[in-house]
Amino acid sequence: MKKPDLLDYFTKGLETDRRCFVGAEIETHFVDGASQPITLAASQAIFKRLISQGWSLSKTKGQLIAEITKDGNKLLYELGRQNIELATLPVTHTCAYSPPLRTIQELYRVTRRYGIYPLPQPIIETDEDLLIIPDERDASWLKLDGRESLALLARTASVQFTIEANDPNHAIRLINSLAEFRPHILESNPYPQEELWRKYIATSKAGYRSDRYGVVRPESIEDYVDKLAKHEVVVNGKLVPFEKADQDIDLFLRSVWWNFRLRRYNNRLCIEIRTLARRRDEAVWQNWEMLDSFISSL
């Protein structure tokens with residue numbers, strides 16, 4: 001990988017229509033009637049039922065249904081067999097509430113048919129190994145980290161919002177403003193996953209830099225790229241120096257776990273806001289309203 005290519009990725013060929021598109025990733029633990037994490041068979045039954053009701057199969061891993069889609073929304077696993085993630089179709093910020101809520105309610109209606117219920121908490125307390133490996137990124141992590149370390153993250157459920165930036169300079173300003181605002185976010189929604197993330201980084205067999213997780217405060221888009229390039233790239237279960245690695249850029253960006261990070265979706269430059277613990281559904285939208293109000297004030 002080359003730093004000029006990474007800089008071009010964040011700066012070249014971008015477009016915006018100034019309407020500020022927003023996407024969400026909402027993870028939810030599901031438990032059975034005895035409040036135990038659901039089995040893999042149970043989560044697969046949920047996916048199969050939704051497919052029978054109009055959802056489309058979009059990804060498999062062997063015989064495993066790994067992802068289904070409908071109207072631009074996705075349901076997929078997030079590391080744990082009990083953790084189903086809703087990744088929403090990006091919409092304008094004025095519509096950010098209703099479409100995800102409708103999809104979540106549809107998911108809940110299906111789970112109730114099986115005596116399965118959502119557990120809207122950030123960490124599920126269990127000694128069970130909940131880990132499943134639904135995609136290439138997770139398989140590479142498992143080979144590198146070891147199962148014990150990666151299984152820590154399978155117990156967590158979070159919420160992410162992705163907002164569109166106007167341009168790279170605007171994106172850097174937002175990242176730094178959000179970094180300053182983070183204590184206020186944590187006041188209203190504490191993030192107990194922090195401890196597990198730190199433990200994961202420390203206990204992984206990979207030997208990651210400690211700042212691969214946390215808050216970054218770049219001075220410019222060039223500085224942001226320089227900070228990214230300090231991190232080695234996960235390639236086939238090994239860490240390879242950035243300048244010697246040959247990997248898809250987006251896959252690399254998904255493996256640097258900053259609380260506020262840049263992503264590119266087609267020709268739109270976006271910021272992921274990641275330090276949000278999963279709690280009751282109403283709290284998800286309260287968090288978004290708080291963030292939307294803060295970002296709009298900048």
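Everything numeric here is computed off the predicted structure, so don't read it as measured data.
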When you compare the side chain of L228 with that of V256, does any pair of heavy atoms fall below 4.5 Å? yes
Strictly by modelled atom types, are S149 and T203 linked by a side-chain donor-acceptor pair under 3.5 Å? yes
Determine whether the aromatic ring centres of residues Y114 and F30 are separated by less than 6.0 angstrom. no
When the ring centroid of W288 is compared with that of F161, is the distance short of 6.0 Å? yes
Sub-3.5 Å donor-acceptor pair from the side chain of T162 to the main-chain atoms of V22, do we have one? no
Residue pair V235 / A245: nearest heavy atoms and the distance that separates them: CG2-CB, 4.2 Å
Report the C-alpha separation of E128 and R81 in whole Å, then their side-chain angles, then the decisive distance to 0.1 Å, and conclude whether the side-chain contact (heavy atoms from CB on, under 4.5 Å) test is met. CA-CA 11 Å; E128 286 190 71; R81 68 174 193 248; 2.7 Å; yes
Flag the pair E125 and R155 as a salt bridge only when some basic side-chain nitrogen lies within less than 4.0 angstrom of an acidic carboxylate oxygen. yes
With no hydrogens and no angle check, is any side-chain donor or acceptor of N189 less than 3.5 Å from a backbone partner on I185? no
Checking Y208 against D145: is there a side-chain donor and acceptor pair closer than 3.5 Å? yes
Donor-acceptor pair, distance only, cut-off 3.5 Å: does the side chain of N83 make one with the backbone of L79? no
Measure from the side-chain N and O atoms of N73 to the backbone N and O of L86, and report whether any donor-acceptor pair falls under 3.5 Å. no
Between Y200 and W257, does the ring centroid distance fall short of 6.0 Å? yes
Looking at D226 and K230, does any basic side-chain N land under 4.0 Å from a carboxylate oxygen? no
Spatial distance of atom OG1 (T156) from atom CD1 (I123) [nearest 0.5 Å]: 7.0 Å
Checking side-chain contact (heavy atoms from CB on, under 4.5 Å) for the pair Y117/S35: CA distance, chi angles, key distance, verdict? CA-CA 8 Å; Y117 304 95; S35 298; over 6 Å; no
Evaluate the ring pair (Phe, Tyr, Trp, His ring centres under 6.0 Å) criterion for residues F47 and Y77: first the C-alpha distance (whole Å), next the side-chain angles of each, then the deciding distance (0.1 Å), finally the verdict. CA-CA 10 Å; F47 283 149; Y77 288 109; 5.2 Å; yes
For the backbone of T275 and the side chain of R182, can you confirm whether one donor and one acceptor N or O come within less than 3.5 Å of each other? no
Heavy atoms, side chains only, cut-off 4.5 Å: are Y9 and D250 in contact? yes
Heavy-atom count check: over 12 atoms from other residues, nucleotides or ligands less than 6.0 Å from D248 CG? yes
Looking at F10 versus Y224, is the centre-to-centre ring distance below 6.0 Å? yes
May I ask you to test the R279-Q121 pair for a side-chain heavy-atom distance under 4.5 Å? no
Closest heavy-atom pair and its distance - F242, A229: CB-O, 3.3 Å
Could you tell me whether the side chain of V233 reaches within less than 4.5 Å of the side chain of L239, counting heavy atoms only? no
For the atom pair CE (M1) and CD (E232), what is the distance rounded to the nearest 0.5 Å? 13.0 Å
Is a side-chain donor or acceptor of S255 paired with a backbone partner of F252 at a separation under 3.5 angstrom? yes
Do R109 and Q105 meet the criterion of a side-chain donor-acceptor pair at a distance under 3.5 Å? no
Salt bridge (Lys or Arg N to Asp or Glu O under 4.0 Å) between K3 and E243, intermediate numbers included: CA-CA 8 Å; K3 285 200 287 186; E243 65 276 5; over 6 Å; no
Nearest heavy-atom neighbours spanning A154 and Q82: O-NE2, 3.0 Å
Do Y191 and P122 come close enough that some side-chain heavy atom pair is under 4.5 Å? no
To the nearest 0.5 Å, what is the distance between OG1 on T28 and CD1 on I124? 11.5 Å
Mark yes when over 12 heavy atoms from residues, nucleotides or ligands other than K74 sit less than 6.0 Å from its NZ; otherwise mark no. no
Is a side-chain donor or acceptor of S293 paired with a backbone partner of E289 at a separation under 3.5 angstrom? no
Are V215 and M290 linked, directly or through other ILVMFWY residues, by side chains that come within less than 4.5 angstrom of each other? no
For E195, I'd like to know if atom CD has over 12 heavy atoms of other residues, nucleotides or ligands within 6.0 Å. no
Atom CG in L269, atom CG in L14: separation rounded to 0.5 Å? 5.5 Å
Minimum-distance pair of heavy atoms, taken over all atoms of H29 and A157: NE2-CB, 3.4 Å
For residues D292 and W285, determine if any side-chain heavy atom of one lies less than 4.5 Å from a side-chain heavy atom of the other. no
Apply side-chain contact (heavy atoms from CB on, under 4.5 Å) to L262 and I221, showing your working. CA-CA 10 Å; L262 296 183; I221 189 64; 3.6 Å; yes
Would you say I271 ends up clustered with F294 if hydrophobic residues are merged whenever their side chains have heavy atoms under 4.5 Å apart, either directly or through other cluster members? yes
When clusters are formed by joining ILVMFWY residues with side-chain heavy atoms under 4.5 Å apart, either directly or through shared neighbours, do L89 and Y265 land in the same one? no
For T39 and A42, indicate whether the former's side chain and the latter's backbone hold a donor-acceptor pair under 3.5 Å. yes
Between E67 and W55, does any side-chain donor sit less than 3.5 Å from a side-chain acceptor? no
Do F181 and V159 land in one hydrophobic cluster if side-chain heavy atoms of ILVMFWY residues count as linked below 4.5 Å? yes
Is E194 salt-bridged to R198, going by a charged N under 4.0 Å from an acidic O? yes
Atom pair OH (Y213) and CD1 (I201), whose distance is rounded to the nearest 0.5 Å: 9.0 Å
Evaluate the criterion salt bridge (Lys or Arg N to Asp or Glu O under 4.0 Å) for residue pair E148 and K199; output intermediate values, then yes/no. CA-CA 11 Å; E148 183 176 353; K199 186 176 180 181; over 6 Å; no
Is R274 reaching over with its side chain to a backbone N or O of W258, donor-acceptor style, under 3.5 angstrom? yes
Exactly one of E85, R278, Q193 clears side-chain hydrogen bond (donor to acceptor under 3.5 Å, both in side chains) with S158, and that residue is Q193
Side chains of Q36 and V31: closer than 4.5 Å at any heavy-atom pair? no
Shortest non-hydrogen separation from R263 to L253 and the atoms involved: CD-CB, 4.3 Å
Can any side-chain N or O of T69 pair as donor or acceptor with the backbone N or O of G72 at less than 3.5 Å? no
Do the side chains of I295 and I273 get nearer than 4.5 Å, heavy atoms only? yes
Counting only heavy atoms from other residues, nucleotides and ligands, does the tally under 6.0 Å from CG of N267 exceed 12? yes
Which atoms form the tightest heavy-atom contact between A179 and V216, and what is the distance? CB-O, 4.5 Å
Atom CG in L40, atom CG in L130: separation rounded to 0.5 Å? 11.0 Å
Going through the distances and angles, do E27 and I84 end up as a side-chain contact (heavy atoms from CB on, under 4.5 Å)? CA-CA 6 Å; E27 302 168 9; I84 297 177; over 6 Å; no
